[in-house]
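Taking it in order: structure first as structure tokens, then the write-up.
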Amino acid sequence: MSSSTTPNQTPEIFVVEECRGVLRLFNDGSILRSTEPSFIMPVEDDGSIEFADAVFDTNLNLHLRLYRPRHRLPTDPPKLPIFFYFHGGGFCIGSRTWPNFHNYCLRLAADLRAIIVSPDYRLAPEDRLPAAINDSFASILWLRSQALSPHPNPLLQDGDFSLVFISGDSAGGNIAHHLAVRFGSDLNRAELEPVSIRGYVLLMPFFGGTQRTRSEETCPPDAFLNLEINDRFWRLAMPVGSTTDDPISNPFGPGGPALREVQFGPMLVVVGGEDLLRDRAVEYAERLKEWGKPVEVINCDGQQHGFFTFQPRSEPADRLMQSIRRFMVENGGHKLD
């Protein structure tokens, strides 16, 4: 009779899950996480935007980053709109400090002539969903506290708290959906006064479900977001024992809120023609539109997941930025010449 180990032998420790070289989960349950991304990207900062970090949840030590144009233009309104940007990363990786997200927020502030609020949130698997959604809700309440404060954060002093937009990229787009539902009634919107949310921008939102879509089934393995990575993110992020039909992942999953009854604010849903998540986002938008919700879909032909953060100065990213600006103007924002 033989054994592969002796009584004094240390058990072998090995990686059982890995996410983009940033997150490693080992067979003994331990986790190794890097605060830096696995890719190198220069920060494109021309000095025209000032930015600073602030704590929005002292108990959890959660931070956000504020961005504001350093110099006013003659066409700027007296008060600048406030635009939230929740980063992506499958609820497992990512940070406001990563260069791809930081660069995009610099561009948002410059091109939208807005104050950008970029919150972090707790990540899985250390903190599984709905932790990230709860943290994002807390960041909105933090903005309300700033609106009521006689001494708000200096970067918010020029902000128009009655002209707030919520956007999110990938996992952040999922967060934007949940916030739209959360504030989809007169009673819940009253909780935010004097803050008023005028619209939501879902950038290639990270939705899931147990039934495969065509864009999932046909996604090539060399795509930036492929099916293997997609499934891994959900496996690590979902509550233990849940499937991706949970309403946290699947907006139309059983046991979720009755979306037909939600008073959705104006919404812009952005999909990529080559994105694995395309079909889920299109179905989401089309079903809401069938129920009479104010939803617009923009299809970025030929684009993969998250193209606007990795190529923020590309022509497709330019067109997307113009669409976001138009959406803001149509929902109360100041027209830019």
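Given the structure is predicted, the values throughout are model-derived calculations rather than measurements.
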Run the numbers on Arg144 and Glu191 for salt bridge (charged side-chain N to carboxylate O under 4.0 Å, His left out), then give the verdict. CA-CA 9 Å; Arg144 179 179 184 269; Glu191 292 181 24; over 6 Å; no
If you count every heavy atom of other residues, nucleotides or ligands that lies below 6.0 Å from [X] atom [atom1], does the total exceed 12?
X	atom1	result
Arg313	CZ	yes
Ile40	CD1	no
Glu217	CD	yes

Among His102, His63, Glu36, Arg65, which residue satisfies the side chain to side chain contact (heavy atoms under 4.5 Å, CB included) criterion with Thr97? Arg65
So if I apply the side chain to side chain contact (heavy atoms under 4.5 Å, CB included) rule between Phe91 and each of Asn174, Asp127, Ile248, which one comes out positive? Asn174
Please say whether the positively charged group of Arg20, taken as NZ for Lys or CZ for Arg, lies over the ring of Phe224, i.e. under 6.0 angstrom from the six-membered ring centre and within 45 degrees of the axis. yes
Roughly how far apart are [X] [atom1] and [Y] [atom2], rounded to 0.5 Å?
X	Y	atom1	atom2	value
Leu106	Phe101	CG	CZ	13.5 Å
Ser139	Phe86	OG	CZ	3.5 Å
Cys92	Glu126	SG	CD	8.5 Å
Leu276	Asn230	CG	CG	5.0 Å

Do Thr243 and Asp245 get their side chains close enough for a donor-acceptor pair, meaning under 3.5 Å? no
Please check if any side-chain donor atom of Tyr200 sits under 3.5 Å from a side-chain acceptor atom of His177, or the reverse.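 Their side chains do not contain a donor-acceptor pair, so the 3.5 Å distance test is not met.
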Going by heavy atoms in the side chains, are Trp142 and Asp57 under 4.5 Å from each other? no
4.5 Å side-chain heavy-atom contact, Ile140 and Ile166: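 Answer yes - side chains close enough.
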Side chain to side chain contact (heavy atoms under 4.5 Å, CB included) between Leu143 and Phe84, worked out: CA-CA 10 Å; Leu143 184 71; Phe84 273 79; 3.6 Å; yes
How about Phe308 and Tyr104: are their ring centres within less than 6.0 Å of each other? yes
